[in-house]
Protein chains: 2
Amino acid sequence: MLKTKKSVKRELILAEAAKLFKDRGYSGTSMRDLAGQVGMEAASMYNHIKSKDELLDTICFRISDTYISQLREIEHTASPYSDKIKALVRLHIQLMVEDSAAVSVANHDWKYLPEPRLTEFKQARKTYEKGFAALIEAGIAAGEFRPVNASVALFTVLSAVRWVELWYRPGRGLTAQELENNIITVLLGGLEQH
Amino acid sequence: MLKTKKSVKRELILAEAAKLFKDRGYSGTSMRDLAGQVGMEAASMYNHIKSKDELLDTICFRISDTYISQLREIEHTASPYSDKIKALVRLHIQLMVEDSAAVSVANHDWKYLPEPRLTEFKQARKTYEKGFAALIEAGIAAGEFRPVNASVALFTVLSAVRWVELWYRPGRGLTAQELENNIITVLLGGLEQH
DNA sequence: CCTACCGATCGGTAGG
DNA sequence: CCTACCGATCGGTAGG
């Protein structure tokens with residue numbers, strides 16, 4: 001019972017931390033800022049968390065774990081490579097729309113992770129990128145995709161999805177579905193008419 | 001003579017500041033870190049600069065001025081819209097390759113600008129985005145581009161170019177030319193075969 | 001361009 | 001969960 005209440009408070013702190021880290025950056029956010037947002041004194045938060053570093057660590061690795069487990073699932077489906085790539089693009093957009101603060105922190109503030117977690121995070125990201133690139137290369141080998149440089153295609157696709165976090169506001173004209181469809185059209189079909 | 005030497009030193013400080021801000025963020029970089037990189041004491045830098053804020057301001061507005069003046073030039077050329085978009089994509093990639101630290105700071109740390117410069121920077125960015133989006137819409141109206149949502153296409157293109165700053169290292173397999181050509185192929189032609 | 005230093009704020013702990 | 005407080009570090013200034 002007590003344990004449950006504490007973990008609820010801990011989740012609240014994590015959620016507010018993600019928002020503040022997104023808006024002001026990890027270094028730009030003080031534990032007193034965060035405490036104010038949560039509604040307690042800075043010292044009191046240390047009953048729920050170990051340190052500022054630990055907040056960043058939890059936020060970053062939850063996101064990277066999600067990406068990697070979803071990639072594994074998609075790898076094991078039997079469908080065309082273009083469908084696999086589309087599914088990954090939709091995954092990125094959905095996560096960004098659902099949990100934009102945490103995704104943003106994992107994208108920008110991971111560099112403040114202290115060792116050895118910094119190295120572990122970079123390795124997780126590399127694992128994900130290699131799996132994604134392998135799908136693109138397989139798609140090229142299968143004749144589904146143009147013979148572009150797979151790394152360039154990978155990063156073009158991955159990054160094309162990242163400004164969603166900066167400008168997309170749900171309910172301002174465009175639904176998440178329309179957003180997905182438009183981005184996939186540009187990335188898979190290209191801007192030009194054929 | 002003295003004036004020249006001072007401005008040379010000032011440019012050195014600006015260049016090192018851009019590198020540190022890129023690597024550690026604006027808030028994560030102390031004036032003592034920067035002084036160490038430049039080779040003087042923190043207090044001595046204030047003979048060349050006014051404040052830490054002023055460094056950020058100069059870096060950010062130099063970049064936004066460059067983008068806007070180049071956009072104006074491209075707008076006034078008489079060429080197909082797809083060529084105009086390609087020229088803008090090449091401009092982004094070239095600036096990123098040539099001056100990746102400053103571009104990175106203008107992309108990520110502008111939010112630490114103090115008012116009223118923060119508002120001015122946002123306005124400059126909006127001006128650029130509107131000009132870029134207008135070219136995409138004109139291209140759609142002219143039948144050159146698919147009828148996608150122009151805002152989505154704009155941000156997909158703009159952001160597709162941003163991971164260049166994170167992973168591209170000159171002379172590691174890919175030249176800047178090959179990079180440009182591959183990115184343009186994916187964005188304009190699409191990943192899928194047609 | 002340096003030494004010496006300012007007040008403010010940082011992440012975190014002690015003790016209740 | 002709070003008050004009180006720690007040593008460290010921050011951006012910046014005075015004065016030479």
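Being a predicted model, the structure only gives us computed values, none of them experimental. Just so it is clear, the values below take in all heavy atoms, side chains as well, and ignore hydrogens, waters and symmetry mates. By convention in this document, chain letters (A, B, ...) are assigned in the order of the sequence lines, proteins followed by strands, and residues within each chain are numbered from 1.
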Quiz item: Using a cut-off of less than 4.0 Å, is there contact between a side-chain N or O of B:Lys52 and OP1 or OP2 of D:dC10?
Solution: no
As a test of reading the structure: which of [options] is closest to the side chain of [X], going by heavy atoms?
| X | options | answer |
| --- | --- | --- |
| B:Tyr46 | D:dG12, D:dC1, C:dG12 | D:dG12 |
| A:Glu41 | D:dC2, D:dC1, C:dT13 | D:dC2 |
| A:Met40 | C:dG12, D:dG11, D:dC2 | D:dC2 |

Mind checking salt bridge (charged side-chain N to carboxylate O under 4.0 Å, His left out) for [X] and listing every partner two or more places apart, or none if nothing turns up?
| X | answer |
| --- | --- |
| A:Glu180 | A:Arg90 |
| A:Lys22 | none |
| A:Glu98 | none |

Practice problem: Pull out every stem in DNA chain C, meaning runs of 3 or more consecutive Watson-Crick or G-U wobble pairs with both distances under 3.5 Å. | Solution: C:1-16 with D:1-16
Self-check item: Residue pairs passing the side-chain hydrogen bond (donor to acceptor under 3.5 Å, both in side chains) test where at least one lies in residues 67-78 of chain B, sequence neighbours excluded
Solution: B:Arg72-B:Glu75, B:Thr77-B:Ser79
Practice problem: Sorted by first residue and then second, give each side-chain hydrogen bond (donor to acceptor under 3.5 Å, both in side chains) pair with at least one member in residues 28-39 of chain B; sequence neighbours left out. | Solution: B:Arg24-B:Asp33, B:Ser30-B:Asp33
Quiz item: In residues 24-39 of chain A, what residues come within less than 4.0 Å of DNA chain C, judged by heavy atoms?
Solution: A:Thr29, A:Ser30, A:Met31, A:Arg32
Please report the distance, rounded to the nearest Å, between [atom1] in [X] and [atom2] in [N].
| X | N | atom1 | atom2 | result |
| --- | --- | --- | --- | --- |
| B:Tyr112 | D:dC10 | OH | P | 16 Å |
| A:Ile49 | C:dG12 | CD1 | C1' | 10 Å |
| B:Glu54 | D:dG11 | CD | P | 15 Å |
| A:Met45 | C:dC10 | CE | P | 11 Å |
| A:Leu55 | C:dG11 | CG | C1' | 12 Å |
| B:Lys9 | C:dC1 | NZ | C1' | 9 Å |

Quiz item: Hey, mind stepping through B:Arg62 and B:Glu11 against salt bridge (Lys or Arg N to Asp or Glu O under 4.0 Å) and telling me if it holds?
Solution: CA-CA 12 Å; B:Arg62 277 184 184 175; B:Glu11 288 306 317; 2.8 Å; yes
At a cut-off of 3.5 Å, list every protein nitrogen or oxygen paired with a nitrogen or oxygen from nucleotides 14-16 of chain D, distance to 0.1 Å.
none

Show me the side-chain donor-acceptor pairs of residues 124-141 of chain B shorter than 3.5 Å, one per line, residues at least two apart or across chains.
from     : atom 1 : to       : atom 2 : distance (Å)
B:Thr127 : OG1    : B:Gln123 : O      : 3.0
B:Tyr128 : OH     : B:His92  : NE2    : 2.7

Atom pairs and distances, side-chain donor-acceptor, residues 39-48 of chain B, under 3.5 Å, sequence neighbours left out:
from    : atom 1 : to      : atom 2 : distance (Å)
B:Asn47 : ND2    : B:Ser44 : O      : 3.3

Exercise. Could I get the full list of side-chain contact (heavy atoms from CB on, under 4.5 Å) partners for B:Asp109, not counting sequence neighbours?
Key: B:Phe21, B:Tyr26, B:Leu56, B:Val105, B:Tyr112
Exercise. Grab the two heavy atoms, one from B:Ser64 and one from B:Phe121, that are nearest each other, plus how far apart they are.
Key: CB-CE1, 3.9 Å
Please tabulate, for the side chains in residues 148-157 of chain A, all donor-acceptor contacts under 3.5 angstrom to protein atoms that are two or more places apart in sequence or on a different chain.
from     : atom 1 : to       : atom 2 : distance (Å)
A:Asn149 : OD1    : A:Ser151 : N      : 2.9
A:Asn149 : OD1    : A:Val152 : N      : 3.1
A:Thr156 : OG1    : A:Val152 : O      : 2.6

